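Since we're looking at a predicted model, the values are computed, not measured. Side chains are part of it too, since the values below use all heavy atoms of this structure and drop only hydrogens, waters and symmetry mates.
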Amino acid sequence: MQYAPKLFRHLKVEIDRHREACGRFILIGSQKLALMREVSDSLAGRCGVLELEALSINDLGNVFEEQESKAGIGEVLTRGFMPQLWKDIALPPIDFFRSFSATYLERESVAIFSLQSKDEQTTRNSVCSR
(Lines give C-alpha, C1' and ligand atoms only; values in the text may rest on other atoms or scores of the structure.)
Protein backbone atom coordinates (compact mmCIF):
# COMPACT_ATOMS: atom_id res chain seq x y z
CA MET A 1 0.00 0.00 0.00
CA GLN A 2 2.81 2.40 0.73
CA TYR A 3 3.73 2.29 -2.96
CA ALA A 4 0.22 3.18 -4.14
CA PRO A 5 -0.90 6.03 -1.87
CA LYS A 6 -3.41 7.35 -4.45
CA LEU A 7 -5.37 4.16 -3.97
CA PHE A 8 -6.52 5.40 -0.54
CA ARG A 9 -8.63 8.15 -2.10
CA HIS A 10 -10.46 5.60 -4.25
CA LEU A 11 -10.91 3.25 -1.32
CA LYS A 12 -12.42 6.05 0.75
CA VAL A 13 -15.04 6.72 -1.91
CA GLU A 14 -15.88 3.02 -2.26
CA ILE A 15 -16.03 2.46 1.50
CA ASP A 16 -18.27 5.50 1.97
CA ARG A 17 -20.70 4.14 -0.66
CA HIS A 18 -21.19 0.98 1.38
CA ARG A 19 -20.37 1.89 5.01
CA GLU A 20 -22.46 -1.01 6.32
CA ALA A 21 -20.31 -3.62 4.51
CA CYS A 22 -17.30 -4.22 6.72
CA GLY A 23 -14.18 -6.20 5.86
CA ARG A 24 -14.29 -5.90 2.07
CA PHE A 25 -10.67 -4.84 1.72
CA ILE A 26 -7.47 -6.13 3.28
CA LEU A 27 -4.49 -3.86 2.81
CA ILE A 28 -0.94 -4.82 3.66
CA GLY A 29 2.22 -2.81 3.95
CA SER A 30 5.55 -3.05 5.65
CA GLN A 31 6.47 0.63 5.85
CA LYS A 32 4.36 1.57 8.82
CA LEU A 33 5.09 5.31 8.83
CA ALA A 34 4.15 5.93 5.22
CA LEU A 35 1.16 3.61 5.44
CA MET A 36 -0.18 5.12 8.66
CA ARG A 37 0.16 8.63 7.31
CA GLU A 38 -2.10 7.78 4.38
CA VAL A 39 -4.53 5.82 6.54
CA SER A 40 -4.92 8.66 9.03
CA ASP A 41 -5.28 11.25 6.27
CA SER A 42 -7.90 9.48 4.19
CA LEU A 43 -9.38 6.46 5.97
CA ALA A 44 -9.79 7.74 9.52
CA GLY A 45 -12.77 6.03 11.12
CA ARG A 46 -13.10 3.66 8.18
CA CYS A 47 -10.44 1.07 8.93
CA GLY A 48 -8.83 -1.08 11.54
CA VAL A 49 -5.09 -1.61 11.81
CA LEU A 50 -3.63 -4.97 12.79
CA GLU A 51 0.07 -5.30 13.50
CA LEU A 52 1.49 -8.78 13.07
CA GLU A 53 3.92 -9.77 15.76
CA ALA A 54 6.70 -12.35 15.80
CA LEU A 55 5.91 -15.98 16.56
CA SER A 56 5.12 -17.11 20.10
CA ILE A 57 6.24 -20.28 21.85
CA ASN A 58 2.72 -21.62 21.31
CA ASP A 59 2.98 -20.91 17.56
CA LEU A 60 6.15 -22.99 17.39
CA GLY A 61 4.72 -25.93 19.34
CA ASN A 62 6.80 -29.11 19.02
CA VAL A 63 9.54 -27.41 17.00
CA PHE A 64 10.39 -25.20 19.98
CA GLU A 65 10.54 -28.18 22.35
CA GLU A 66 12.66 -30.21 19.91
CA GLN A 67 15.17 -27.38 19.44
CA GLU A 68 15.25 -26.66 23.17
CA SER A 69 16.10 -30.26 24.01
CA LYS A 70 18.66 -30.45 21.19
CA ALA A 71 20.41 -27.06 21.50
CA GLY A 72 19.30 -25.66 24.87
CA ILE A 73 17.15 -22.72 25.83
CA GLY A 74 19.94 -20.17 25.22
CA GLU A 75 20.30 -21.21 21.60
CA VAL A 76 16.54 -21.20 21.11
CA LEU A 77 16.21 -17.69 22.54
CA THR A 78 19.16 -16.51 20.44
CA ARG A 79 17.27 -17.76 17.38
CA GLY A 80 14.40 -15.45 18.26
CA PHE A 81 10.85 -15.75 17.04
CA MET A 82 10.94 -14.61 13.43
CA PRO A 83 9.16 -17.11 11.13
CA GLN A 84 12.04 -17.46 8.65
CA LEU A 85 14.45 -18.52 11.39
CA TRP A 86 12.17 -21.41 12.30
CA LYS A 87 11.34 -22.33 8.74
CA ASP A 88 15.04 -22.76 7.96
CA ILE A 89 16.74 -24.08 11.11
CA ALA A 90 20.10 -24.12 9.28
CA LEU A 91 19.98 -20.32 8.84
CA PRO A 92 22.35 -18.69 11.37
CA PRO A 93 20.38 -16.16 13.45
CA ILE A 94 23.21 -13.61 13.36
CA ASP A 95 23.11 -13.51 9.54
CA PHE A 96 19.34 -13.14 9.51
CA PHE A 97 19.25 -10.35 12.10
CA ARG A 98 22.10 -8.40 10.47
CA SER A 99 20.32 -8.46 7.15
CA PHE A 100 16.89 -7.80 8.67
CA SER A 101 18.15 -4.85 10.72
CA ALA A 102 20.07 -3.27 7.85
CA THR A 103 17.16 -3.60 5.45
CA TYR A 104 14.52 -2.48 7.93
CA LEU A 105 16.49 0.43 9.33
CA GLU A 106 17.52 1.62 5.88
CA ARG A 107 13.99 1.53 4.56
CA GLU A 108 12.40 3.13 7.63
CA SER A 109 15.09 5.82 7.82
CA VAL A 110 14.44 6.80 4.23
CA ALA A 111 10.71 6.90 4.93
CA ILE A 112 11.15 9.05 8.03
CA PHE A 113 13.43 11.55 6.30
CA SER A 114 11.16 11.64 3.27
CA LEU A 115 8.13 12.43 5.43
CA GLN A 116 10.06 15.07 7.36
CA SER A 117 11.23 16.68 4.12
CA LYS A 118 7.66 16.80 2.78
CA ASP A 119 6.39 18.30 6.05
CA GLU A 120 9.16 20.92 6.05
CA GLN A 121 8.41 21.80 2.42
CA THR A 122 4.67 22.12 3.18
CA THR A 123 5.43 24.36 6.15
CA ARG A 124 7.78 26.55 4.08
CA ASN A 125 5.18 26.84 1.30
CA SER A 126 2.38 27.81 3.67
CA VAL A 127 4.59 30.38 5.42
CA CYS A 128 5.68 31.87 2.08
CA SER A 129 2.09 32.10 0.78
CA ARG A 130 0.90 34.22 3.70
Side-chain angles (χ1 to χ4, degrees):
M1 282 306 308
Q2 65 268 13
Y3 299 115
K6 292 180 181 177
L7 183 59
F8 283 100
R9 181 171 25 112
H10 300 289
L11 282 172
K12 178 182 177 183
V13 170
E14 184 59 25
I15 291 168
D16 285 346
R17 278 191 198 140
H18 305 284
R19 284 299 288 258
E20 71 288 346
C22 297
R24 294 187 305 142
F25 304 100
I26 296 175
L27 312 176
I28 61 170
S30 59
Q31 292 183 344
K32 183 178 175 183
L33 292 172
L35 182 66
M36 290 309 296
R37 181 183 183 125
E38 294 298 328
V39 167
S40 64
D41 285 349
S42 58
L43 296 178
R46 296 170 179 84
C47 69
V49 176
L50 175 66
E51 288 190 42
L52 299 177
E53 303 293 333
L55 297 171
S56 71
I57 291 173
N58 289 336
D59 293 331
L60 295 172
N62 293 339
V63 175
F64 180 88
E65 294 169 9
E66 291 168 11
Q67 282 301 112
E68 182 183 17
S69 65
K70 187 192 303 186
I73 191 69
E75 185 64 32
V76 170
L77 294 177
T78 300
R79 178 159 291 280
F81 294 92
M82 301 301 283
Q84 187 62 35
L85 286 170
W86 290 92
K87 180 180 176 189
D88 181 3
I89 294 294
L91 180 63
I94 190 74
D95 294 343
F96 173 83
F97 284 116
R98 277 187 188 140
S99 175
F100 180 82
S101 296
T103 304
Y104 183 76
L105 291 175
E106 257 180 50
R107 187 175 57 206
E108 290 300 309
S109 297
V110 169
I112 289 168
F113 291 123
S114 175
L115 289 175
Q116 286 177 342
S117 295
K118 287 179 185 175
D119 287 344
E120 289 170 3
Q121 184 63 41
T122 301
T123 303
R124 276 196 297 269
N125 288 343
S126 61
V127 170
C128 292
S129 64
R130 289 184 184 175

Item to check | Parallel, tilted or perpendicular: ring planes of F100 versus F96, cut at 30 and 60 degrees | outcome: parallel
Checklist outcome for this item: Applied to residues 15-26, the side-chain hydrogen bond (donor to acceptor under 3.5 Å, both in side chains) test, sequence neighbours excluded, yields E14-R17, E14-R24, D16-R19, D16-R46
Next on the checklist: By the side-chain hydrogen bond (donor to acceptor under 3.5 Å, both in side chains) test, which pairs, at least two apart or in different chains, include something from residues 59-76?
Outcome noted: S56-D59
Checklist entry - Backbone N or O of G74 within a donor-acceptor pair of the T78 side chain at under 3.5 Å? => result yes
Item to check | Nearest atoms (heavy-atom pairs only) where R79 meets P93 | outcome: CA-CG, 3.7 Å
Item to check | Residue pairs, two or more places apart or on separate chains, that pass ring pair (Phe, Tyr, Trp, His ring centres under 6.0 Å) and touch residues 53-90 | outcome: none
